[in-house]
Amino acid sequence: STLLASSAASDVYKRQILTFGGMHQMITVAKDSTGDFTSIQAAVDSIKSTPEIIYIKNGIYNERVEIRLDNVTLKGESAKDTIITNNYYARMIMDDGIKRGTFRSYTFFVNANHFRASDITFENSSGFGLDVGQAVAVYAEGDDIHFKNCRMLGHQDTLFTGPLPLKEKEPGGFTGPTEFAKRIPGRQLYEDCYICGEIDFIFGSATAYFKNCELYALNRNQKINSYY
């Protein structure tokens with residue numbers, strides 16, 4: 001059954017769904033303003049306690065999304081038409097004159113345990129690695145992470161399954177959100193997912209299992225072509 005609950009403090013409606021684990025909050029995101037928020041990150045930032053479920057209606061969400069809370073679930077309306085996209089890339093010069101680098105180029109970042117995502121496309125649309133360098137679509141770090149029926153679209157370094165290695169190859173190579181974090185390899189499951197890229201497009205130190213996934217190497221028209 002579905003219940004509606006309203007807060008006296010705001011006009012935001014939160015739907016509650018009854019699951020086997022008990023009553024869970026559900027926030028709805030919709031580009032056409034028919035949900036609680038039009039931005040996924042705004043919905044994430046509104047979370048006061050977990051577990052929490054965010055339902056995302058079809059649409060192109062041109063934003064970066066960061067999740068640092070345990071026990072959060074993202075559920076898209078459909079993998080093909082619920083799209084989170086951005087175009088940051090490693091060679092991009094930031095305001096301080098420094099290149100953004102690999103680990104600040106992500107479209108979607110999760111550093112949390114017991115995270116779930118299903119029926120969503122995660123995209124870094126910046127282009128081929130020869131032109132822009134590394135460009136991460138999904139940066140996932142934590143234990144018990146599960147992506148199901150998701151699409152991850154990119155070129156170089158599409159999916160990073162954290163944590164980072166113990167030592168960087170060059171100074172500043174690990175600059176990003178978890179460069180000073182403890183290196184704790186977590187368990188990650190990718191199920192019924194489509195992941196594409198052309199250079200090292202799946203990398204990282206997690207214990208990651210890919211079940212019934214399609215890993216698609218894009219054509220670079222190079223003598224040494226795509227690889228992962």
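For the residue pair Ser39 / Glu63, a side-chain donor-acceptor distance below 3.5 Å is found, with atom types taken as modelled. Side-chain N/O atoms of Ser78 and Asn58 include a donor and acceptor closer than 3.5 Å. Counting only N and O atoms by type, the side chains of Lys57 and Thr82 include no donor and acceptor under 3.5 Å apart.
Considering all non-hydrogen atoms of both residues, Asn124 and Ser126 come closest at OD1-OG, 2.8 Å. In plain terms, the two heavy atoms of Gln156 and Glu198 that are nearest each other are N-OE2, 4.0 Å. Closest approach of Ala43 and Ser46 over heavy atoms only: O-OG, 2.7 Å. Pairing each heavy atom of Asp192 with each of Cys213, the nearest pair is N-SG, 3.9 Å. What you find for Phe174 and Glu168 is that their closest heavy atoms are N-OE1, 3.1 Å. Taking each heavy atom of Ala30 and Gly35 in turn, the nearest pair found is CB-N, 3.7 Å.
Put simply, the side chain of Val44 does not reach to within 4.5 Å of the side chain of Val72, judged on heavy atoms. Under the 4.5 Å side-chain criterion, counting only non-hydrogen atoms from C-beta, Thr158 is in contact with Met152. Between Arg183 and Leu164, some side-chain heavy-atom pair lies under the 4.5 Å cut-off. Counting heavy atoms from C-beta outward, Leu153 and Thr121 have side chains that approach closer than 4.5 Å. Considering only heavy atoms from C-beta on, Val138 comes within 4.5 Å of Phe147 through its side chain. At a threshold of 4.5 Å between non-hydrogen side-chain atoms, the residues Asp36 and Val29 do not count as touching. In this structure the side chain of Tyr61 never reaches within 4.5 angstrom of the side chain of Gln41, judged on heavy atoms. The shortest distance between side-chain heavy atoms of His155 and Cys196 does not fall below 4.5 Å.
In this structure, Arg64 has no side chain to side chain donor-acceptor pair (under 3.5 Å) partners at least two apart in sequence or on a different chain. Partners of Glu191 according to the side chain to side chain donor-acceptor pair (under 3.5 Å) rule, which considers only residues two or more places apart in sequence or in another chain, are His146, Lys148.
No donor-acceptor pair under 3.5 Å is formed between the side chain of Lys75 and the backbone N or O of Thr73. Put simply, the side chain of Asp119 never gets that close to the backbone of Cys150: no donor and acceptor are under 3.5 Å apart. Judged by distance alone, the side chain of Thr107 and the main-chain N or O of Glu123 form a donor-acceptor pair under 3.5 Å. A donor-acceptor pair is defined here as one N or O able to donate and one able to accept, closer than 3.5 Å; such a pair exists between the side chain of Arg104 and the backbone of Lys99. When atom types are taken as modelled, the side chain of Gln134 and the backbone of Ser105 share no donor-acceptor pair closer than 3.5 angstrom.
In this structure, CG on Asn111 lies 7.0 Å from CZ on Arg68, to the nearest 0.5 angstrom. The CG atom of Leu130 sits 5.5 Å away from the CD1 atom of Ile199 when rounded to the nearest 0.5 Å. Considering CD1 of Ile83 and CZ of Arg151, their distance stands at 6.5 Å, rounded to 0.5 Å. Atom CG of Asn113 is separated from atom CG of Asp70 by 4.5 Å, given to the nearest 0.5 angstrom. Residue Thr28 holds its OG1 atom at 10.0 Å from CD1 of Ile56, rounded to the nearest 0.5 Å. Atom CG of Leu69 is separated from atom CG of Asp45 by 9.0 Å, given to the nearest 0.5 angstrom.
When the side chains of ILVMFWY residues are joined at heavy-atom separations under 4.5 Å, either directly or via intervening members, Ile27 and Leu74 end up in a single hydrophobic cluster. Residues Tyr89 and Ile84 do not share a hydrophobic cluster, defined by chaining ILVMFWY side chains whose heavy atoms lie under 4.5 Å apart. Phe203 and Phe201 fall into different hydrophobic clusters, where Ile, Leu, Val, Met, Phe, Trp and Tyr side chains are chained together by heavy-atom contacts under 4.5 Å. Hydrophobic clustering places Ile145 together with Ile202 (ILVMFWY residues linked when any side-chain heavy atoms are closer than 4.5 Å, directly or through intermediates). Hydrophobic clustering (ILVMFWY, side-chain heavy atoms < 4.5 Å, transitive): Leu159 and Phe103 are in distinct clusters.
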Stepwise, does the side-chain contact (heavy atoms from CB on, under 4.5 Å) test hold for Glu52 with Asn71? CA-CA 7 Å; Glu52 184 71 272; Asn71 298 298; over 6 Å; no
Evaluate side-chain contact (heavy atoms from CB on, under 4.5 Å) for Ile98 paired with Ile93, printing each intermediate quantity in order. CA-CA 6 Å; Ile98 297 174; Ile93 303 300; over 6 Å; no
Check the pair Thr161, Gln188 against side chain to side chain donor-acceptor pair (under 3.5 Å), reporting the backbone distance first and the verdict last. CA-CA 8 Å; Thr161 64; Gln188 300 182 13; 4.7 Å; no
side-chain contact (heavy atoms from CB on, under 4.5 Å) between Val132 and Arg91, intermediate numbers included: CA-CA 6 Å; Val132 301; Arg91 295 177 187 166; 5.6 Å; no
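The existence of a salt bridge linking Asp143 and Arg187 is confirmed by a sub-4.0 Å separation between a basic side-chain nitrogen and an acidic carboxylate oxygen. Using a 4.0 Å cut-off between charged side-chain N and carboxylate O, Arg116 and Asp144 make a salt bridge.
No more than 12 heavy atoms of other residues, nucleotides or ligands lie within 6.0 Å of CD1 in Ile60, so this atom counts as exposed by the packing criterion. Other residues, nucleotides and ligands place more than 12 heavy atoms under 6.0 Å from the CG atom of Asp96.
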Only distances under 3.5 Å count here; give the side-chain donor-acceptor pairs of residues 204-212 to other protein atoms, sequence neighbours excluded, each with its distance to 0.1 Å.
from	atom 1	to	atom 2	distance (Å)
Ser205	OG	Pro163	O	3.1

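When ring centroids are compared, Phe109 and Tyr88 stay outside the 6.0 Å threshold.
Residue Phe160 forms a ring-ring contact (aromatic ring centres under 6.0 Å, His included) with just one option from Phe122, Tyr139, Tyr106, and that option is Tyr139.
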